[in-house]
**Student:** 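Take this structure, written in structure tokens, and hold onto it; I'll ask about it next.
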There are 2 protein chains.
Amino acid sequence: MRRKTRPRFKPSNKDLSPADAAVRKGGYELKGRIWIEGTSGTFLGYGRVVLLERIAEFGSISKAAKSMGMSYRHAWELVDSINRQARRPLIETSVGGKKGGGTKLTEAGREAVEGFWNIYEKFKRFLNKEGASLQF
Amino acid sequence: MRRKTRPRFKPSNKDLSPADAAVRKGGYELKGRIWIEGTSGTFLGYGRVVLLERIAEFGSISKAAKSMGMSYRHAWELVDSINRQARRPLIETSVGGKKGGGTKLTEAGREAVEGFWNIYEKFKRFLNKEGASLQF
DNA sequence: AACCGTTATTCCCGAATGTATATAACTATA
DNA sequence: TATAGTTATATACATTCGGGAATAACGGTT
């Protein structure tokens with residue numbers, strides 16, 4: 001008896017595609033994930049890219065995390081992991097200041113987000129095409 | 001400081017592709033997984049299909065599990081999960097008898113294995129194609 | 001100098017997996 | 001009837017993952 005796994009984060013204000021792309025056919029679904037791996041594990045995946053988008057939107061790691069139902073601790077670790085693996089940093093953080101600080105994407109960060117979505121869209125089309133012929 | 005995750009099973013006698021298909025390009029790899037989901041979670045994925053192949057090869061869940069470095073308990077749970085979600089059973093088990101019992105694939109089971117590998121091969125080609133244009 | 005909101009960091013905890021281990025149940029064969 | 005090798009099942013344990021909470025550091029602004 002296995003309980004349904006809890007979603008990794010709550011979709012909040014935006015209509016969010018699921019982290020697992022899926023295609024249903026007669027009771028079965030072809031699902032899948034893709035991600036880009038760097039020198040030390042995952043570099044960019046669905047959740048990380050959504051996080052980057054939220055950071056760009058809110059200008060803050062903590063607000064981005066909260067908007068996804070993700071702990072700040074986890075979000076920070078993801079940001080750190082991304083920046084440590086990127087050739088050029090994708091995220092710029094600043095501490096202190098009038099508003100306490102903030103975080104924004106670099107140009108490379110915006111390009112990375114766009115690049116990932118491009119591949120992800122093709123992946124969804126792949127699942128769509130191949131999932132149509134499931135018979136078990 | 002995160003330790004490299006241990007491989008889910010040891011490749012033993014056969015040359016086994018990794019569970020995560022991957023394509024390298026300039027330090028980054030496009031990796032991914034696909035699986036077929038049924039009424040209650042995963043129905044068939046890479047590891048499950050390899051397990052089915054091993055069962056067909058050895059005629060026993062316990063030997064198949066051992067050959068993959070997987071606990072019998074886990075292998076049994078996977079087999080049970082597969083059969084509970086399949087329209088027609090993919091695996092036939094027998095208890096007792098001269099050799100204590102055994103397990104073999106049904107015709108539907110062999111077809112499922114082949115069907116999954118077909119899609120998986122296409123998926124690897126997809127990763128190969130899309131992974132060639134990674135730039136970050 | 002005090003304030004304030006955010007980043008940066010640490011420790012503790014619970015959920016989810018999967019291994020290890022032990023044991024019962026089964027049944028053709030000798 | 002006893003044997004043997006496998007399936008079937010439960011309990012205990014280790015590991016991993018991420019949330020929660022607490023705290024320090026930071027630095028414009030007032």
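Below, chain A is the first sequence line, B the second, and so on; all start at residue 1.
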**Student:** Looking at A:Arg54 and A:Ser67, would you say the former's side chain and the latter's main chain have a donor-acceptor pair under 3.5 Å?
**Tutor:** yes

**Student:** Roughly, in whole Å, what's the span from CE in B:Met70 to P in C:dT19?
**Tutor:** 7 Å

**Student:** Nearest to the side chain of A:His74, which nucleotide is it out of C:dT7, D:dT7, D:dG19?
**Tutor:** D:dG19

**Student:** Let me know the distance between NZ of A:Lys104 and P of C:dT6, rounded to the nearest Å.
**Tutor:** 16 Å

**Student:** Determine all donor-acceptor pairs shorter than 3.5 Å in which one atom belongs to a side chain in residues 101-113 of chain A; sequence neighbours excluded.
**Tutor:**
| from | atom 1 | to | atom 2 | distance (Å) |
| --- | --- | --- | --- | --- |
| A:Thr106 | OG1 | A:Pro89 | O | 2.8 |
| A:Thr106 | OG1 | A:Leu90 | O | 3.3 |
| A:Thr106 | OG1 | A:Ala108 | N | 3.3 |
| A:Thr106 | OG1 | A:Gly109 | N | 3.0 |
| A:Glu107 | OE1 | A:Arg110 | NE | 3.3 |
| A:Glu107 | OE1 | A:Arg110 | NH2 | 2.9 |
| A:Arg110 | NH1 | A:Leu105 | O | 3.2 |

**Student:** Sequence neighbours excluded, which residues qualify as side-chain contact (heavy atoms from CB on, under 4.5 Å) partners of A:Asn128?
**Tutor:** A:Val23

**Student:** Collect all protein-nucleotide pairs involving nucleotides 10-13 of chain C in which both atoms are nitrogen or oxygen and the distance is under 3.5 Å.
**Tutor:**
| from | atom 1 | to | atom 2 | distance (Å) |
| --- | --- | --- | --- | --- |
| C:dC11 | N4 | A:Arg73 | NE | 3.3 |

**Student:** For nucleotides 25-30 of chain C, give me one character per nucleotide, 5' to 3': B if any protein heavy atom sits under 4.0 Å from the base, S if the only such contacts are to the sugar-phosphate, - if neither.
**Tutor:** -BBBS-

**Student:** If I take atom CH2 in residue B:Trp76 and atom P in nucleotide C:dT19, what distance separates them, rounded to the nearest angstrom?
**Tutor:** 15 Å

**Student:** Whole angstroms only, please: what is the CG-P distance between A:Leu51 and D:dG18?
**Tutor:** 13 Å

**Student:** Give me each pair satisfying side chain to side chain donor-acceptor pair (under 3.5 Å) with a member in residues 91-100 of chain A, each pair once, sequence neighbours excluded.
**Tutor:** none

**Student:** Report the residues that fulfil salt bridge (charged side-chain N to carboxylate O under 4.0 Å, His left out) with A:Lys31, sequence neighbours left out, ordered by chain and then residue number.
**Tutor:** B:Glu37

**Student:** Please confirm whether the shortest side-chain N or O distance from B:Thr103 to OP1 or OP2 of D:dT7 is below 4.0 Å.
**Tutor:** yes

**Student:** B:Ala75 or A:Val79: which one's nearest nucleotide on DNA chain C is closer to the 5' end?
**Tutor:** A:Val79

**Student:** Atom OH of B:Tyr72 to atom P of C:dT17: distance rounded to whole Å?
**Tutor:** 21 Å

**Student:** Taking 4.0 Å as the cut-off, does a side-chain nitrogen or oxygen of B:Ser62 come that near to OP1 or OP2 on D:dG5?
**Tutor:** no

**Student:** According to side-chain contact (heavy atoms from CB on, under 4.5 Å), who are the partners of B:Lys122, at least two apart in sequence or on a separate chain?
**Tutor:** A:Phe126, A:Glu130, B:Arg125

**Student:** Once you round it to whole Å, what is the distance between P of D:dA8 and CD1 of B:Ile91?
**Tutor:** 11 Å

**Student:** Kindly write out the residues that satisfy ring-ring contact (aromatic ring centres under 6.0 Å, His included) with A:Phe116, not counting sequence neighbours, or none if the list is empty.
**Tutor:** A:Tyr120

**Student:** Can you measure A:Phe58 atom CZ to C:dG5 atom C1' for me and round it to whole angstrom units?
**Tutor:** 16 Å

**Student:** Who are the side-chain hydrogen bond (donor to acceptor under 3.5 Å, both in side chains) partners of B:Asn83, not counting sequence neighbours?
**Tutor:** none

**Student:** Rounding to an integer number of Å, can you tell me how far B:Glu92 CD sits from D:dT6 C1'?
**Tutor:** 16 Å

**Student:** Considering just the side-chain nitrogens and oxygens of A:Thr93, establish if one lies under 4.0 Å of OP1 or OP2 belonging to C:dA8.
**Tutor:** yes

**Student:** Taking the six-membered ring for Trp, are the ring centroids of A:Tyr28 and B:Trp35 within less than 6.0 Å of each other?
**Tutor:** no

